[in-house]
Asker: 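Take a look at this one; I'll ask things after.
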Amino acid sequence: MRGLMADPYDPQAIEQRWQQRWLEEGTYEVDNDDPRPPLYVLCMYPYPSGPAHMGHVRNYTFGDLIVRHRTMQGYGVLSPIGFDSFGLPAENAAIKTNVHPRQFTDERIGELTASLRGIGAAYDWRREVRSHDPHYMRWTQTIFLRFLEAGLAYRSNAPVNWCPGCHTVLANEQVLADGTCERSGDVVTRRDLEQWFFKITDYADELLADLDQLDWPERVKVMQRNWIGRSEGAEFDLPIEGHDGRSLRVFTTRPDTSFGMTYCVLAPEHPLALEITSPERRAEVERFIEAVGMTSDIDRLSSEGPLDKRGVFTGASAVNPFNGQPVPIYLADYVLGTYGTGAIMAVPAQDQRDWDFATAYDLPIVRTVQPPGGWDGEAYTGDGPAINSEWLDGLGVVEAKAKAIDWLEEQGIGKRKVNYRLRDWLLSRQRFWGCPIPVVHCPDDGVVPVPESDLPVLAPDDVEFTPSGESPLRQHQGFLQVTCPKCGGPAERETDTMDTFVDSSWYFLRFTDPANEGAPFSKEAVERWMPVDQYIGGIEHAILHLMYARFFLKALGDVGLAPTSVREPFRRLFTQGMIRMGGSKMSKSKGNLVAPSHYLETVGADALRLFHLFVGPPADDVDWTDQTEEIIEGCARFLKRVWRLATEPEKVAADPQAVDRAAHRLIARVSGEYERWSYNTAVAGVMEFTNLLSKEGVTDFAVDTMLLVMAPMAPHLTAELWERRHGGHIHEQRWPEADPAMLTITSTTMVVQVNGKVRDRIDVDPAVDGPEAERLALASAKVQELLHGRPPQKVIVRPPKLVNVVV
RNA sequence: GCCCGAGUGGCGGAAUGGCAGACGCGGAGGCCUCAAAAGCCUCUACUCGAAAGGGUGUGUGGGUUCGAGUCCCACCUCGGGCACCA
């Protein structure tokens with residue numbers, strides 16, 4: 001029988017055949033009433049930029065391994081895929097080549113779909129969603145309207161981030177720390193515009209608290225905690241001298257240091273800034289405000305530059321309510337208008353920024369926390385007893401804070417207050433290729449939602465794609481001019497579209513119930529599958545997508561669309577490493593892409609998958625180097641060897657017991673390594689096993705075991721070999737379990753050390769007891785030689801692994 | 001500046017406090033072949049030695065321990081995140 005199978009390994013033929021079968025037979029389709037225990041495994045759905053790149057291959061290989069492994073373990077695994085198909089590249093292509101973004105996008109989806117199938121990834125294709133599909137848009141818009149109704153979506157005139165390259169506003173999350181656009185790299189400028197926001201700040205506390213229950217990489221959680229930036233403190237009012245009844249409200253995290261306040265600072269954009277300025281200071285203050293307004297955010301945020309040019313005295317004073325002392329009011333660019341109250345009390349003795357400013361402007365410094373002995377620094381921010389603080393003296397920071405806040409509340413001039421760095425999510429974009437915001441602006445009725453029966457609002461096809469800073473929809477009279485759904489009078493449609501992060505904030509919910517025509521999804525479907533048991537994607541989404549999606553699920557629950565029993569979308573998250581080349585991320589824009597298609601045509605998909613699994617820990621970055629090609633060749637070589645062992649083994653095991661025992665050890669090893677994402681060592685384990693089979697000969701059980709444990713890694717090759725050997729699908733086989741009786745070993749090597757150095761190795765029975773192990777060790781000729789007849793000082797015995805003789 | 005993470009052969013990387021370098025790549029030698037490709041076998045951390053055998057070795061310096069790549073302290077380098085958030 002074996003002789004008949006002896007044809008060479010032909011990856012292309014095998015891969016094509018099996019991919020077609022998985023698709024036609026719906027092998028990985030799973031229904032919502034599937035009797036198997038449910039498990040939801042999801043890779044972040046891709047932006048369709050054309051054929052898959054190496055990053056995709058890596059991501060979807062990990063996902064596919066889990067899907068196939070868990071399916072073999074008996075789970076009914078939900079493994080959907082879709083496309084994040086709105087976005088700027090399609091629109092930019094339209095501007096350049098005049099191809100409609102839909103056509104452009106659909107073509108790219110076709111290419112990406114083909115390459116996802118080409119790597120052998122298993123999906124329930126019936127559940128595919130596309131952000132730009134009207135059936136999906138309808139529900140994106142419905143969700144928006146529900147949020148609007150609930151007050152979670154609102155319109156506001158605000159200083160916003162404007163990207164001149166993308167011709168649109170951006171969310172704070174899309175502006176990098178250096179003030180540039182994360183997408184185009186252009187320097188982002190500030191503009192005051194009327195924009196749409198989601199009230200994510202309402203969920204700041206819950207978003208922060210719920211992080212604790214997530215099985216996510218710690219660094220992602222840390223990034224989200226930093227981004228939310230919760231800080232506890234107090235707000236209170238300071239009367240402004242000479243401005244009857246006017247007061248200044250400040251936020252501080254250190255109310256305990258209030259007696260040390262020696263001046264106040266307003267942000268230059270603070271509404272009171274000009275009002276309180278004394279006539280003789282007016283000209284200078286106006287000049288300062290104008291200068292700051294012209295400074296780019298980059299310069300303003302940098303701590304560079306002479307401090308004495310970064311602030312100005314207003315001529316006004318406020319009264320410190322703690323001690324009744326007047327303090328001068330300054331403006332300074334280091335105080336932000338958008339955080340807290342836009343005004344601070346300055347306590348230079350306990351805040352280094354205030355210290356620096358006070359020194360530059362010759363303002364007094366009064367310590368109110370006693371620094372430790374020998375302190376020779378400037379501002380002291382640590383703990384210590386309060387001093388120079390009347391009724392707070394002697395208290396530690398924590399107690400003094402509490403007492404100061406109690407006092408403010410008793411006096412009715414202040415209160416406990418929590419502030420967040422997190423801002424509301426700016427979701428409107430002045431672009432065409434996104435989901436239209438479904439409202440109408442009526443001169444009489446204001447913002448009127450489009451009735452749900454009229455959804456989806458679809459953009460017309462005949463628009464001019466010229467970047468103007470306004471959505472191209474604004475120029476399209478047929479789209480723009482409507483009658484008000486409320487009063488029937490003439491009105492204008494909203495022409496802004498939604499940030500594509502809106503689409504990706506709920507797609508994983510639609511996957512649970514993709515054909516639902518009456519709702520975005522049913523609560524039953526969501527309750528069955530959610531939360532996602534394993535989410536897999538890139539670290540670059542640590543804040544943006546992963547924060548927005550968390551917010552969405554909570555908000556969807558609160559507006560009654562999603563069940564309130566599920567508050568977090570992704571139970572476990574894995575962030576895989578990125579592919580780098582020459583030190584930088586491999587990407588289309590950097591022009592350093594290595595196309596996977598080349599490898600599919602040469603070594604085949606299984607070999608490429610195996611490479612990604614083998615090259616290193618999945619969480620680590622991969623450097624694409626001159627050596628990479630050779631490692632891929634090595635993986636292909638290994639698969640050929642597997643093929644030969646299964647089709648034309650050179651010898652049959654002389655000691656089948658020993659080989660079968662090794663097979664059981666392999667099962668135990670690989671099973672454990674799959675659980676803990678140690679795919680590189682799992683591949684190494686199988687390689688070791690094939691080395692053993694080549695040397696010792698095969699048994700049927702050993703070959704079957706090898707194929708079964710490899711089935712999630714190299715699905716095509718193993719499927720083909722299994723069918724030839726047994727008929728049927730390998731991926732429908734039960735995941736093998738190691739027989740504990742076969743895991744016991746009959747002999748093991750015990751290491752004998754003298755003073756911690758290995759001096760001898762002795763084969764022993766694994767069940768050897770301590771005294772016997774010690775006897776054997778001391779009887780060793782090598783040990784005797786080194787002891788020179790002296791008695792050992794001490795003998796550490798750890799049977800059956802090791803004996804250490806100390807002299 | 002602050003917070004994470006990581007430093008192991010020529011390279012990618014393995015090692016519940018117990019044989020450092022599994023597995024693979026590359027390299028050297030050999031078998032097969034008229035020759036090559038493919039495949040197979042052996043060796044491959046550094047160092048002394050002809051060999052047997054010895055010494056050294058996981059970024060640096062200390063410490064804990066019978067025993068440290070692994071735990072603790074300090075430092076260096078690289079990568080990532082945050083950075084006037086009061």
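Remember, predicted model here, so these are calculated numbers, not experimental data. A note on names: the letters A, B, ... follow the listed sequences, proteins ahead of strands, and every chain is numbered from 1.
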Asker: Picking from B/rC66, B/rC82, B/rA86, which would you name as closest to the side chain of A/T252?
Answerer: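 Looking only at side-chain atoms, A/T252 lies closest to B/rA86.
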Asker: Separation of A/E648 atom CD from B/rG39 atom P, in whole Å?
Answerer: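 That distance rounds to 13 Å.
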Asker: How do A/F614 and A/R676 order along RNA chain B: which one's closest nucleotide is nearer the 5' end?
Answerer: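 Looking at the nearest nucleotide for each, A/R676 comes out on the 5' side.
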Asker: Any ion pair linking A/E688 and A/R669 (charged N to carboxylate O, less than 4.0 Å)?
Answerer: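 A salt bridge is present here (some side-chain N lies under 4.0 Å from a carboxylate O).
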Asker: Whole-Å distance between B/rG79 P and A/I579 CD1?
Answerer: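 A/I579 atom CD1 is separated from B/rG79 atom P by 20 Å.
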Asker: Please tell me if A/K794 has a side-chain N or O lying less than 4.0 Å from either OP1 or OP2 of B/rC66.
Answerer: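 So the side chain of A/K794 is within the cut-off, an N or O lying under 4.0 Å from OP1 or OP2 of B/rC66.
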Asker: Answer yes if the side chains of A/Q350 and A/T368 hold a donor-acceptor pair under 3.5 Å, and no otherwise.
Answerer: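 Looking only at side-chain atoms, A/T368 and A/Q350 do form a donor-acceptor pair, the distance falling under 3.5 Å.
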Asker: Hey, which sits more toward the 5' end of RNA chain B by its nearest nucleotide, A/G342 or A/G634?
Answerer: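 So the residue in question is A/G634.
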Asker: The side chain of A/T253 lies closest to which of these nucleotides: B/rA86, B/rG24, B/rC25?
Answerer: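 That would be B/rA86.
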Asker: Determine which nucleotide pairs with B/rG24, using a 3.5 Å limit on both distances of a Watson-Crick or G-U wobble pair.
Answerer: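 With both distances under 3.5 Å, B/rG24 matches B/rC11.
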Asker: Please confirm whether A/R421 makes a cation-pi placement over A/W227, using NZ or CZ under 6.0 Å from the six-membered ring centre and within 45° of the ring normal.
Answerer: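 Relative to the ring axis of A/W227, which defines the angle, A/R421 lies inside both limits.
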Asker: Looking at B/rA86, I'd like to know if its phosphate oxygens (OP1 or OP2) sit under 4.0 Å from a side-chain N or O belonging to A/S231.
Answerer: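 For A/S231, the contact criterion (side-chain N or O under 4.0 Å from OP1 or OP2 of B/rA86) is met.
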Asker: Of the nucleotides B/rA86, B/rC82, B/rC66, which has the atom closest to the A/I344 side chain?
Answerer: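 For the A/I344 side chain, the nearest candidate turns out to be B/rA86.
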Asker: Among B/rA86, B/rG10, B/rC19, which nucleotide has an atom closest to any side-chain atom of A/Q627?
Answerer: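 Closest of the options to the side chain of A/Q627: B/rG10.
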Asker: Tell me whether the OP1 or OP2 atom of B/rA86 has a side-chain N or O from A/Y334 closer than 4.0 Å.
Answerer: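 So the side chain of A/Y334 is outside the cut-off, no N or O lying under 4.0 Å from OP1 or OP2 of B/rA86.
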Asker: Verify the contact: side-chain N or O of A/R637 to OP1 or OP2 of B/rC25, cut-off strictly under 4.0 Å; return yes or no.
Answerer: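 For A/R637, the contact criterion (side-chain N or O under 4.0 Å from OP1 or OP2 of B/rC25) is met.
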Asker: For A/L613 and B/rG24, give me the distance from atom CG to atom P, rounded to whole Å.
Answerer: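 That distance rounds to 16 Å.
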Asker: Which donor-acceptor pairs under 3.5 Å do the side chains of residues 748-761 of chain A make with protein atoms, sequence neighbours left out?
Answerer:
residue	atom	partner	partner atom	Å
A/T749	OG1	A/D763	OD1	3.4
A/N755	OD1	A/V807	N	3.1
A/D760	OD2	A/S780	OG	2.7

Asker: Write down the distance between CG (A/L802) and P (B/rU16), rounded to a whole number of angstrom.
Answerer: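 Interatomic distance, CG of A/L802 to P of B/rU16: 16 Å.
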Asker: Determine which nucleotide pairs with B/rU64, using a 3.5 Å limit on both distances of a Watson-Crick or G-U wobble pair.
Answerer: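 Checking every strand shown, B/rU64 finds no partner, since no pair has both distances under 3.5 Å.
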Asker: In terms of base orientation, is B/rG80 syn or anti, with the syn window spanning 90° either side of 0?
Answerer: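 Anti conformation for B/rG80.
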Asker: Can you find a side-chain donor-acceptor pair between A/Y380 and A/Q352 that sits under 3.5 Å?
Answerer: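 No, because no side-chain N or O of A/Y380 sits under 3.5 Å from a partner of the opposite role on A/Q352.
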Asker: For the side chain of A/K640, starting at C-beta, report the closest nucleotide among B/rC23, B/rG81, B/rG39.
Answerer: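 Nearest to the side chain of A/K640 among the choices is B/rG39.
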Asker: Give a yes-or-no answer on whether the side chains of A/R423 and A/T338 include a donor-acceptor pair shorter than 3.5 Å.
Answerer: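 Side-chain D/A pair, A/R423 to A/T338: present.
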Asker: Whole angstroms only, please: what is the CG-P distance between A/L610 and B/rG24?
Answerer: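 After rounding, the reported distance stands at 12 Å.
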Asker: Let's see if you can work this out: which of B/rG13, B/rG18, B/rC25 has an atom nearest to the side-chain heavy atoms of A/E630?
Answerer: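 Closest nucleotide among those given: B/rC25.
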Asker: Have a look at A/R761 and say if it touches a base, only the backbone sugar-phosphate, or nothing, with a 4.0 Å heavy-atom cut-off.
Answerer: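 Base, at least one base atom sits under 4.0 Å.
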Asker: If I take atom CG in residue A/D626 and atom C1' in nucleotide B/rC11, what distance separates them, rounded to the nearest angstrom?
Answerer: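 Distance check: A/D626 CG to B/rC11 C1' gives 11 Å.
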Asker: Scan A/V751 against the nucleic acid and name what it touches under 4.0 Å (heavy atoms): base, sugar-phosphate only, or nothing.
Answerer: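 Since a base atom lies under 4.0 Å of A/V751, the category is base.
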Asker: Would you measure the distance from the C1' atom in B/rG69 across to the matching atom in B/rA15 and give it in whole Å?
Answerer: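 The answer is 9 Å between these two C1' atoms.
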Asker: Looking across every strand, which nucleic acid part, if any, lies under 4.0 Å from A/Q753 by heavy atom: base, sugar-phosphate, or nothing?
Answerer: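 The answer is base, as A/Q753 lies within the cut-off (heavy atoms under 4.0 Å) of a base atom.
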Asker: Just checking A/N691: base, sugar-phosphate only, or nothing, at a heavy-atom cut-off of under 4.0 Å?
Answerer: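 Here A/N691 touches the backbone only, sparing every base.
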Asker: If you compare every side-chain N and O of A/R225 against the phosphate oxygens of B/rG81 (OP1, OP2), does one of them come in below 4.0 Å?
Answerer: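 So the side-chain polar atoms of A/R225 never come under 4.0 Å of the phosphate oxygens OP1 or OP2 of B/rG81.
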Asker: Do A/R219 side-chain and B/rG81 base share a donor-acceptor contact under 3.5 Å?
Answerer: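 Donor-acceptor pair under 3.5 Å: no.
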Asker: Round to the nearest Å and state the distance from A/R798 atom CZ to B/rU65 atom P.
Answerer: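 Distance, rounded to whole Å: 15 Å.
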Asker: Among B/rA14, B/rA86, B/rU42, which nucleotide sits nearest the side chain of A/V335?
Answerer: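 Among the listed nucleotides, the one closest to the side chain of A/V335 is B/rA86.
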Asker: When you get a sec, tell me which of B/rA14, B/rG24, B/rC23 is the closest nucleotide to the side chain of A/I631?
Answerer: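 The answer is B/rG24, which lies nearest to the side chain.
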Asker: Can you check the distance between B/rA28 and B/rG79, where both ends of the measurement are the C1' atom (answer in whole Å)?
Answerer: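 Between the two C1' atoms, the distance is 36 Å.
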Asker: Do any pairs count as a side chain to side chain donor-acceptor pair (under 3.5 Å) and have a residue in residues 796-807 of chain A, sequence neighbours left out, and if so which ones?
Answerer: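 For residues 796-807 of chain A, and leaving out neighbouring residues, there are no side chain to side chain donor-acceptor pair (under 3.5 Å) pairs at all.
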Asker: With rounding to whole Å, what would you report as the distance between B/rG62 and B/rU56 at their P atoms?
Answerer: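 That atom pair is separated by 16 Å.
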Asker: Taking any strand in view, what nucleotide pairs with B/rC2 in a Watson-Crick or G-U wobble way, both distances under 3.5 Å?
Answerer: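 Partner of B/rC2: B/rG81.
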Asker: B/rC40 pairs with which nucleotide, Watson-Crick or G-U wobble, both distances below 3.5 Å?
Answerer: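 With both distances under 3.5 Å, B/rC40 matches B/rG30.
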Asker: Among B/rA86, B/rG12, B/rG18, find the nucleotide with the atom closest to the side chain of A/V615.
Answerer: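 For the A/V615 side chain, the nearest candidate turns out to be B/rG12.
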Asker: Would you classify A/G229 as touching base, sugar-phosphate or nothing, given that sugar-phosphate means primed atoms plus P, OP1 and OP2, and contacts are heavy atoms under 4.0 Å?
Answerer: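 Touches nothing.
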Asker: Considering just the side-chain nitrogens and oxygens of A/N680, establish if one lies under 4.0 Å of OP1 or OP2 belonging to B/rG12.
Answerer: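 Looking at the OP1 and OP2 atoms of B/rG12, neither is under 4.0 Å from any side-chain N or O of A/N680.
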Asker: N/O contacts under 3.5 Å, protein versus nucleotides 54-58 of chain B?
Answerer:
residue	atom	partner	partner atom	Å
B/rU56	OP2	A/K757	NZ	3.1

Asker: Hey, are A/R550 and A/Q224 close enough side-chain-wise for a donor-acceptor pair under 3.5 Å?
Answerer: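 Result is yes, a qualifying pair exists.
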Asker: Round to a whole Å and report the spacing from CH2 of A/W355 to C1' of B/rA86.
Answerer: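 Answer to the nearest Å: 18 Å.
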Asker: Looking at every heavy atom in both A/L743 and A/A738, which two are closest together, and how far apart are they?
Answerer: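 Closest pair (atom of A/L743, atom of A/A738, distance): CD1-CB, 4.0 Å.
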Asker: Who is the Watson-Crick or G-U wobble partner of B/rC75, with both distances under 3.5 Å?
Answerer: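 When the pairing criteria are applied, B/rG59 turns out to be the nucleotide that pairs with B/rC75.
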Asker: Using a distance-only criterion (donor-acceptor N/O pair, under 3.5 Å, no hydrogens), is the base of B/rC66 paired with the side chain of A/N804?
Answerer: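 Between B/rC66 and A/N804, which were checked side chain against base, a qualifying N/O pair under 3.5 Å is present.
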Asker: Answer yes if the side chains of A/D356 and A/Y334 hold a donor-acceptor pair under 3.5 Å, and no otherwise.
Answerer: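 Their side chains do not contain a donor-acceptor pair, so the 3.5 Å distance test is not met.
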Asker: Would you please say whether a donor-acceptor pair under 3.5 Å links the side chains of A/N419 and A/S231?
Answerer: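 Short answer, no.
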